[in-house]
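A quick note: this is a predicted structure, and the numbers were derived from the prediction, not measured. Lettering of chains follows the sequences in order, A, B, ..., and the numbering in each one begins at 1.
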Amino acid sequence: MVALVDCNSFYASCEQVFRPDLQGKPVVVLSNNDGCIIAANREAKSLAHIPMFEPVFKIKDRLIKEGVVFFSSNYTLYDEMSRRVMNILKDFSAEVEVYSIDESFISLRGMDHYDLGTYAYQIKKTIFQYTGLPVGVGIGPGKVLAKLANRIAKKTTGQHEQVYIIDSETKRIKALKETAIKDIWGIGKKHCIRLNNVGVISAFDFTQLSLAWVRKNMTVVGERIWRELRGEACMPIITVPKSKKMIGTAKSFGRKLENLELIEEACAYYISEVAEILRKQKSCARYLQVFLQTNYHSKRDKQYHKTYTLPLSVATNNTLLLIREAKKILYGIYKPGYCYKKVGVMLSGIIPEGQVQTNLFESPDNFTPPALMKVLDEINLKYGKATLTSGLLGSKERQKEWELIKEERSPRYTTQWKELLKI
DNA sequence: TCTGGGGTCCTAGGACCC
DNA sequence: TCTGGGGTCCTAGGACCC
């Protein structure tokens, strides 16, 4: 059996842990740039119809009247809270797959003699006691059914229960019959339309299709879901996270920018972020992609969008070199006269540091001067993000010209010592 | 008139997830 | 006026190898 443990309204719950005065009050968390709602707690959801991913400016007035408390997203805080939850789970199972910031699959193999329901409550209780975060637990004979059980736990049980186990054929069939196919993990919009067209409405209907049809129309991905729903576990728990194959970042500017210089500084900043992640996993990248785009929501502005991918002659994780190359790309794709909203960078073709193929004409040292990057990372780890940077990132003051809007960000409660140390 | 067989690597595009 | 960000996996088809 497999359990899926996931935190309820994770971001909103994280905020509430440090603001006990908000217990029982409606809380929502906004996306970057305070653009739309990405998390809402139970109270906020029950208050009124809160559409996720709706632009918040459209409904803000109404929500303020109803007493909803807003937070900008504070990923530093959420990451740390997530780490704490996942560490607790490691006490409950030898096989933990951290699936996302707020959920993990854990294997319950070899625990047949346990009462799994009691075990699930112990997990819930411990996490709440140590972190203040409420979680739901779904248990089933495979990942997809565990996901489904978790969904049922959230929907049909009370706030303090939030546990559901699919451990018999009767329960499995019942769950499948009561769940729409669109609500199954792995079935997205496109497959849902295709399935509805052949008369598949519930998850149970899906399991009655022939394997040949599923395989043909939905590839091996669909086949796995089909098998899992029928009770055959075929997705392994992945306990060792794979190293990343792409590392990218792309954030909207706080306002529209025409000026190439400011866009360059934002771009250089993003490069230094992704290169640091690359070095952390001891890898180098062979491809560097940069893109630039205007605000595609705007009906007034002229639209422009351009992406360019540059193969690097030698794979690297050197921030300074990557900034230099990114700048060249940016000069190539930038066209004056547009209001730009976003610049993005992406590293791909990622390989381990030790496998970099040098070339005949350039010294490898041009690409990876290890000492300098090591010092850079050590200083930033010790004194906080971006303490030491390339001069091309521009001054802190200038950063305010392009950085994200985060009007309602809470303090970084769990990691603030780093910020204090900087002062 | 006849024209092999068995592979790998890479990329773009589609679909999906949180 | 204001509309998120960061990923994964799979397949087909092209290029290339022996």
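Between A:Ser298 and A:Val220, the one whose closest nucleotide on DNA chain C sits nearer the 5' end is A:Ser298.
At whole-Å resolution of the value, OH in A:Tyr296 and P in C:dT3 are 9 Å apart. With rounding to whole Å, A:Arg215 atom CZ is found 17 Å from C:dC9 atom P. Taking atom CE on A:Met246 and atom P on B:dA12, their separation rounds to 10 Å, with Å as the unit. Protein atom OH of A:Tyr99 is 12 Å distant from nucleotide atom P of C:dT8, rounded to whole Å. The distance between atom CG of A:Leu257 and atom P of C:dC2, rounded to the nearest whole Å, is 13 Å. Atom-to-atom, NZ of A:Lys245 to P of B:dC9 comes out at 14 Å; the value is rounded to the nearest Å.
Across the strands present, B:dG5 finds its partner in C:dC18; the criterion is a Watson-Crick or G-U wobble pair with both atom distances under 3.5 angstrom.
Taking a 6.0 Å sphere around NZ of A:Lys182, one finds it holds 12 or fewer heavy atoms contributed by other residues, nucleotides or ligands.
Between A:Lys124 and A:Glu161, the closest side-chain pair of non-hydrogen atoms is not below 4.5 Å.
Among the protein residues, A:Asp102 comes within range of the sugar-phosphate backbone only, with heavy atoms under 4.0 Å from sugar or phosphate atoms but none that close to a base.
The side-chain tip of A:Lys342 does not point at the ring of A:Phe291 from less than 6.0 angstrom away and within 45° of straight on.
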